[in-house]
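Here's the structure we're looking at; comments come further down.
Ligands are counted one by one from 1 in listed order, and the atoms in each one are counted from 1 as well. All values below were derived from every heavy atom in this structure, side-chain atoms included, with hydrogens, water molecules and symmetry-related copies excluded.
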Amino acid sequence: MKKHSILFVCLGNICRSPAAEGIMRRIVSEHGAEDEWTIDSAGTGRYHIGDLPDRRMRLHARKRGLELTHRCRQVTESDFDDFDLIIGMDSANIADLRDMAPTSEAEGKIHAMSEYFSPSARYDYVPDPYYEGAEGFELVLDLLDDACLNLYNSL
Ligand code: 4NP
């Protein structure tokens, strides 16, 4: 078992959570700590299973030097055994995860990404960019850059 294991969760697993996974992987790799971390992402929904992240998210991430190659999958009950931290992007994700958690110990692994936002953040969740324009994707990447670094430093 690695020292830290984190699963990022959103609805579709093609925008927010694969971006969080990619950003976290980069931070961990910049610290030469890959051996200590398991990082993955998943969706509460099943609309896009097997797909690469949304083309727009890949485009905006690439502009920041990040290649997103995750393949969409749905959250499973075994994720609650396999990961120490399960981080949802918004309140709907958190509610869905709580419904799925098989035990109260498993439920205790669920956290909101906003817990790791810097105090200056203008949001208290990571907004779904799927029906938004370019600025929605940039906003998500800005929020995730900040939260992932704070998360890394907190562990
Ligand atoms: P995500 O965004 O939860 O950040 O991956 C979405 C992607 C797809 C859908 C909804 C949200 N969808 O309804 O297909």
Pick one of side chain, backbone, both or neither for how M89 approaches ligand 1, counting any non-hydrogen atom pair under 4.0 Å. neither
Under 3.5 Å, is there a donor-acceptor pair between the H48 and D54 side chains? no
Under 3.5 Å donor-acceptor, D79 side chain and V75 backbone: no
So, regarding C10 and ligand 1 (criterion: nitrogen or oxygen to nitrogen or oxygen, under 3.5 Å), is there a contact or not? no
Do ligand 1 and G12 have nitrogen or oxygen atoms that lie under 3.5 Å from each other? yes
Under 30°, 30 to 60°, or over 60°: which ring-plane class applies to H111 and Y116, parallel, tilted or perpendicular? tilted
I want to know if ligand 1 touches S17 in the polar sense, i.e. an N/O pair below 3.5 angstrom. no
As a check for students: among Y130, Y47, F137, identify the option with a heavy atom nearest to atom 7 (C) of ligand 1. Y130
Would you check if there is a donor-acceptor pair between the side chains of N150 and S118 at a distance under 3.5 Å? yes
Quick one: does H48 get within less than 4.0 Å of ligand 1, heavy atoms only? yes
Assess the side chains of H4 and E36: does a donor N or O sit below 3.5 Å from an acceptor N or O? no
Proximity to ligand 1 by part of V140, non-hydrogen separation under 4.0 Å: neither
For atom 2 (O) of ligand 1, the closest protein heavy atom turns out to be D128 OD1, 3.2 Å
By number and element, which atoms of ligand 1 are closer than 4.0 Å to a non-hydrogen atom of L11? 3 (O), 10 (C), 11 (C)
Any Lys/Arg nitrogen of R64 or D142 sitting under 4.0 Å from an Asp/Glu carboxylate oxygen of the other? yes
Could you tell me whether the side chains of D124 and S114 share a donor-acceptor contact shorter than 3.5 Å? no
Please could you name the atoms of ligand 1 that C15 approaches to less than 4.0 Å, counting only its heavy atoms? 1 (P), 2 (O), 4 (O), 5 (O)
